[in-house]
Structure formats: structure tokens, C-alpha cells
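In what follows, a structure is listed as C-alpha cells, so that the remarks can point back to it.
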Amino acid sequence: DLEGLIGRVGFSPQLEPVYYTIGSAYFNAADYPKAIAAFKNYQAKFPHAGSVAFAIAQSNFLSKNYQVAAQQMAALEGDPAMRDQAMLFKAEAEKAVGKTDEAVKTLERFIGNEIKSANAMRGATMLAQLYAGQGNGAKALHVLELIHEKVSLVDHVVELNSLTVQPGDKFYGKQQSQETHAPPATA
């Protein structure tokens, strides 16, 4: 109906909310290709709208166009209002395409030496998991220490508990395997 309205009325600056609502409706209906097209149309008519760039990038991410989404999120890192979400989504997109090292670098830049927000906490959780997956116990433990310093920002305590135990189990298993396969000690 909204697209029909725009077709009948034509372009008018007063219809800005209608253009945005069309993109949002497609996004909420999980029709991401149409959401991208609608948001790009909105962006062309109202170039001042920065949040639309994030909506396009997020639509690409949810459409599993991870490479495109990572590039679009990288472009949004410079916007202080979008930085946290953009870096988190960028790292998730990099991880999804198997670029683990790039995801780690993005998350390291994002978190720095202190976790300052709920998004940074989600990023730190992902970073600890990536470090553990790479077998880098020291770095995983360092991030877990940062996480525990700001535990009030944790959304899911059960996930944190699991994350805390997983590296320990993995590294303990690795230690046991090394001891089993180690040559016998000589006296």
C-alpha cells in the first residue's frame, strides 16, 4: 500500500517516513533483498540518513552476503554512533566467511584494554571463543579476565560460565594428550 501511495503521489520530502517504513517493513518481514532495494531508494532520495547505511549492511549480513556486509560495516566504523554495532557485525561477518584472523583484529581494536559497553562485552565473548579456537590460551584467559572485571555487562551468565569452562577443558585435554604421547621421563 505504501509503495502504491508513493507511485500515485510521486516524490515529496514530506513522504520521507513512508520511504523508510517501506524498507523497514521488508526488513521486518525478512525479505532482505527488497529491504536493501527500498533502503537504497530511500538513501538516494534522502542522503543525509546515516542509519539507513547500517540497515543496508545489516540486511546484507542477514542475507548471508557476509563479504559485502563486512565492507559496509567497515565504512561505518568512523561514525561514533554506529561504531560499536558496526565493528561487532563486521567481526561476525568476517568469522562467518572463515576470516578468523581478521575477525580477531577487528575485535581487538573494538575492545582495546577495557570493555565499556554491552556490545563490547558481546565482542569480548566472541574474541575469547576465537582465541580458544585458535589454541591461544593466554590471550583467551586475558579476555576472560577483562570480561569478569565488567561482569555486570554480561547478557547471558550461563553463556559466560560455559565460555569460562570451555577453554579450560580444551587446554586440559590438550595437556593430557601431550602427557600421554610424551616420551617417558628418564631418571
Side-chain angles (χ1 to χ4, degrees), residues 27 30 32 35-36 51 53-186:
F27 183 89
Y32 303 116
I36 292 167
S51 64
F54 183 79
I56 292 168
Q58 195 174 23
S59 294
N60 275 305
F61 180 85
L62 294 169
S63 296
K64 299 183 180 178
N65 297 326
Y66 298 122
Q67 290 285 105
V68 173
Q71 292 169 350
Q72 291 171 332
M73 291 296 178
L76 294 170
E77 285 182 36
D79 182 345
M82 304 274 178
R83 181 184 181 273
D84 285 7
Q85 287 183 316
M87 291 187 83
L88 185 59
F89 272 100
K90 179 181 178 219
E92 287 179 8
E94 291 166 337
K95 179 183 169 192
V97 294
K99 294 184 176 183
T100 305
D101 291 340
E102 286 85 350
V104 166
K105 288 176 188 172
T106 298
L107 292 169
E108 287 172 340
R109 281 187 304 108
F110 177 34
I111 295 161
N113 295 322
E114 182 183 4
I115 299 168
K116 298 177 183 175
S117 68
N119 280 332
M121 181 59 75
R122 285 189 283 283
T125 302
M126 186 189 325
L127 181 59
Q129 291 168 338
L130 291 173
Y131 280 148
Q134 292 176 330
N136 195 333
K139 286 187 176 182
L141 290 174
H142 173 71
V143 174
L144 285 171
E145 288 172 359
L146 292 176
I147 289 171
H148 283 279
E149 288 174 8
K150 298 288 183 147
V151 75
S152 64
L153 295 173
V154 173
D155 287 337
H156 304 286
V157 176
V158 173
E159 182 183 348
L160 174 61
N161 290 340
S162 175
L163 175 63
T164 303
V165 171
Q166 281 175 343
D169 287 348
K170 182 176 181 172
F171 297 121
Y172 178 74
K174 191 175 183 181
Q175 175 77 17
Q176 293 293 88
S177 175
Q178 288 175 347
E179 288 174 7
T180 304
H181 294 94
T186 57

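We use all heavy atoms of the structure for the numbers below, so side chains are in, but hydrogens, waters and symmetry mates are not. Predicted model only: the values in this text are computed from it and were never measured.
- Contact annotation: the side chain of Met126 approaches that of Leu88 to within less than 4.5 Å [non-hydrogen atoms, C-beta and beyond].
- Considering every non-hydrogen atom in both Ala140 and Ala132, the closest pair reads CB-N, 4.0 Å.
- Screening residues 60-86 for ring pair (Phe, Tyr, Trp, His ring centres under 6.0 Å) gives Phe61-Tyr66, Phe61-Phe89 as the qualifying pairs, with residues at least two apart or on separate chains.
- In this structure, CD on Glu94 lies 10.0 Å from CG on Leu130, to the nearest 0.5 angstrom.
- A donor-acceptor contact closer than 3.5 angstrom links the side chains of Asn60 and Gln72.
- Between the CD atom in Gln58 and the CD1 atom in Ile56 there is a gap of 11.5 Å [rounded to 0.5 Å].
- The heavy-atom pair separating Ile115 from Lys150 by the smallest distance is O-CG, 3.4 Å.
- Side-chain atoms of Thr100 and Gln134 include no donor-acceptor pair closer than 3.5 Å.
- A distance of 9.0 Å separates CG in Leu146 from CE in Met121, rounded to the nearest 0.5 Å.
- Distance check, rounded to the nearest 0.5 Å: CE of Met82 to CG of Leu76 gives 6.5 Å.
- Ala120 and Ile111 get closest at one heavy-atom pair: O-CG1, 3.9 Å.
- For Glu145, there are no side chain to side chain donor-acceptor pair (under 3.5 Å) partners at least two apart in sequence or on another chain.
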**Item:** Full working for side chain to side chain contact (heavy atoms under 4.5 Å, CB included) between Tyr131 and Leu141
**Value:** CA-CA 9 Å; Tyr131 280 148; Leu141 290 174; over 6 Å; no
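- In terms of heavy-atom proximity, Tyr32 sits nearest to Ser63 at CB-OG, 2.9 Å.
- Classification of Arg109 and Glu77 as a salt-bridged pair holds, one side-chain N sitting under 4.0 Å from a carboxylate O.
- Between Lys90 and Glu102 there is no salt bridge, since no side-chain N of the basic residue sits under 4.0 Å from a carboxylate O of the acidic one.
- With values rounded to the nearest 0.5 angstrom, Arg122 atom CZ is found 7.5 Å from Ser117 atom OG.
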**Prompt:** After noting the C-alpha distance and the side-chain angles of Arg83 and Met73, does the key distance pass the side chain to side chain contact (heavy atoms under 4.5 Å, CB included) rule?
**Reply:** CA-CA 9 Å; Arg83 181 184 181 273; Met73 291 296 178; over 6 Å; no
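- Between the CG atom in Asp101 and the NZ atom in Lys95 there is a gap of 14.0 Å [rounded to 0.5 Å].
- Proximity of a side-chain donor or acceptor of Asn136 to a complementary backbone N or O of Lys139 within less than 3.5 Å is detected.
- Contact record, Val143 with Ala128: CG1-CB, 3.9 Å, taken as the closest heavy-atom pair.
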**Message:** Would Asn119 and Phe110 count as a side chain to side chain contact (heavy atoms under 4.5 Å, CB included) here? Give the steps.
**Reply:** CA-CA 10 Å; Asn119 280 332; Phe110 177 34; 4.0 Å; yes
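- Considering every non-hydrogen atom in both Ser59 and Ile36, the closest pair reads CB-CG1, 3.4 Å.
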